[in-house]
2 protein chains.
Amino acid sequence: MNFSKTTEYALRILGYMSLHANELHSADALSEKLSVPKKYLQRLLTDLSKAGFLKSTRGRNGGFSFDRSPDQIFLSQIVAATEGADWEPKCIFGFGTCAFDNACAMHDIWCDTHNTLVTMLHNTRLSDLKKTK
Amino acid sequence: MNFSKTTEYALRILGYMSLHANELHSADALSEKLSVPKKYLQRLLTDLSKAGFLKSTRGRNGGFSFDRSPDQIFLSQIVAATEGADWEPKCIFGFGTCAFDNACAMHDIWCDTHNTLVTMLHNTRLSDLKKTK
DNA sequence: TAAATATGCTACCTTGATGTAGCATTTAAC
DNA sequence: GTTAAATGCTACATCAAGGTAGCATATTTA
């Protein structure tokens with residue numbers, strides 16, 4: 001019960017970058033700083049660029065920076081980019097619709113839990129990471 | 001962001017069986033009824049037996065039935081058996097402890113969400129599936 | 001006792017996520 | 001212009017989860 005590694009990485013990268021927005025970050029530097037495998041991170045960064053979160057600058061002294069301001073990026077958008085936008089509260093039993101006519105209480109409980117998560121992802125902006133204690 | 005297929009199957013199987021407790025279910029019958037691959041389900045059933053949820057009867061007219069009453073089985077125990085009991089709210093960024101000194105607000109939000117799920121799993125009994133509309 | 005129908009076990013196959021390697025391309029510094 | 005340092009791309013390697021196959025073992029029924 002967790003996000004995929006890729007999603008975790010994406011959140012880690014963008015979360016870190018939002019603390020140093022307006023700076024240009026190279027894949028190498030991010031890899032060392034964030035303990036993400038260099039080549040995998042590099043590919044992920046270009047994916048995040050194609051997804052519209054970042055823009056890349058090629059050539060010497062190149063790197064990645066935000067294409068949109070962090071306060072216009074919601075966590076739900078990042079998760080959607082890495083694992084697809086599937087916010088439907090799916091049946092915890094794996095059925096599309098409940099197969100147990102008398103078991104839907106489970107669904108209600110599950111939907112509540114699921115909604116808590118989705119709501120959090122939809123309401124939290126990347127820039128919210130900065131506002132803290 | 002979901003349970004593993006195996007966990008899903010386990011919940012599906014035990015959930016269904018709890019609606020027909022005291023009956024003996026063969027792997028074949030459950031496979032057809034619940035759309036779980038026959039051989040995979042069979043292996044999973046013996047795992048669930050070894051985990052103490054079910055007891056198996058071999059030979060003709062054999063099958064599986066509950067070894068513990070469904071009202072003594074919590075969803076958290078099922079999930080723990082299939083994906084390991086890891087109820088620690090892990091860092092959403094993938095670090096053991098927060099790597100962003102100024103980003104812990106994220107953690108608070110995440111922990112809330114995580115706790116909602118864990119609490120639900122700990123409080124819901126298999127037998128609760130029966131009590132419904 | 002023999003046949004039918006269960007589970008138990010173990011080895012293998014498949015697939016998708018993750019990770020690696022190498023080369024092409026772009027740009028700045030000298 | 002040449003070199004160094006960056007991204008872009010694509011093919012391949014690895015690993016764990018999910019799924020399949022076949023035979024051994026147990027038990028009931030006839």
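In this text, all values refer to a predicted model and were calculated from it rather than measured experimentally. Residue numbering restarts at 1 for every chain, and letters A, B, ... go by the order of the sequence lines.
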What distance separates B:Leu30 CG from B:Ile13 CD1, expressed to the nearest 0.5 Å?
6.5 Å
With a 4.0 Å cut-off on heavy atoms, is A:Gly59 in touch with a base, just the backbone sugar-phosphate, or nothing at all?
base
What is the distance from atom CG of A:Leu41 to atom CG of A:Leu34, rounded to the nearest 0.5 Å?
7.5 Å
With rounding to the nearest 0.5 angstrom, report the CG to NE2 distance, A:Leu117 to A:His122.
10.0 Å
A:Gln42 has an atom CD; how far is it from atom P of C:dA24, in whole Å?
16 Å
So what does A:Ser49 touch, heavy atoms closer than 4.0 Å: a base, only the sugar-phosphate, or nothing?
nothing
To the nearest angstrom, the CZ-C1' distance between A:Phe64 and C:dT27 comes to 14 Å
For a 4.0 angstrom threshold against heavy atoms of chain A, report the outermost contacting nucleotides of DNA chain D in 5' to 3' order.
D:dA4 to D:dA11
Go nucleotide by nucleotide along DNA chain D from the 5' end; which of B:Arg58 and A:Arg60 gets its closest nucleotide reached first?
A:Arg60
Is the backbone N or O of A:Leu121 less than 3.5 Å from a side-chain atom of A:Thr124, with the two atoms forming a donor-acceptor pair by type?
no
When every nucleotide of nucleotides 10-21 of chain C is labelled 5' to 3' by its protein contacts under 4.0 Å (heavy atoms), B for base, S for sugar-phosphate only, - for none, what sequence of letters results?
-B------SBBB
Would you say that B:Ile73 contacts B:Phe66 through its side chain, given a criterion of any heavy-atom pair below 4.5 Å between the two side chains?
yes
Do you see a donor-acceptor pair shorter than 3.5 Å between the side chains of A:Ser31 and A:Tyr40?
no
Just checking B:Lys50: base, sugar-phosphate only, or nothing, at a heavy-atom cut-off of under 4.0 Å?
sugar-phosphate
Please round to the nearest 0.5 Å and tell me the distance separating atom NZ of A:Lys33 and atom CE of A:Met17.
14.0 Å
For the CD atom on A:Glu32, are there more than 12 heavy atoms of other groups (residues, nucleotides or ligands in this structure) within a distance under 6.0 Å?
no
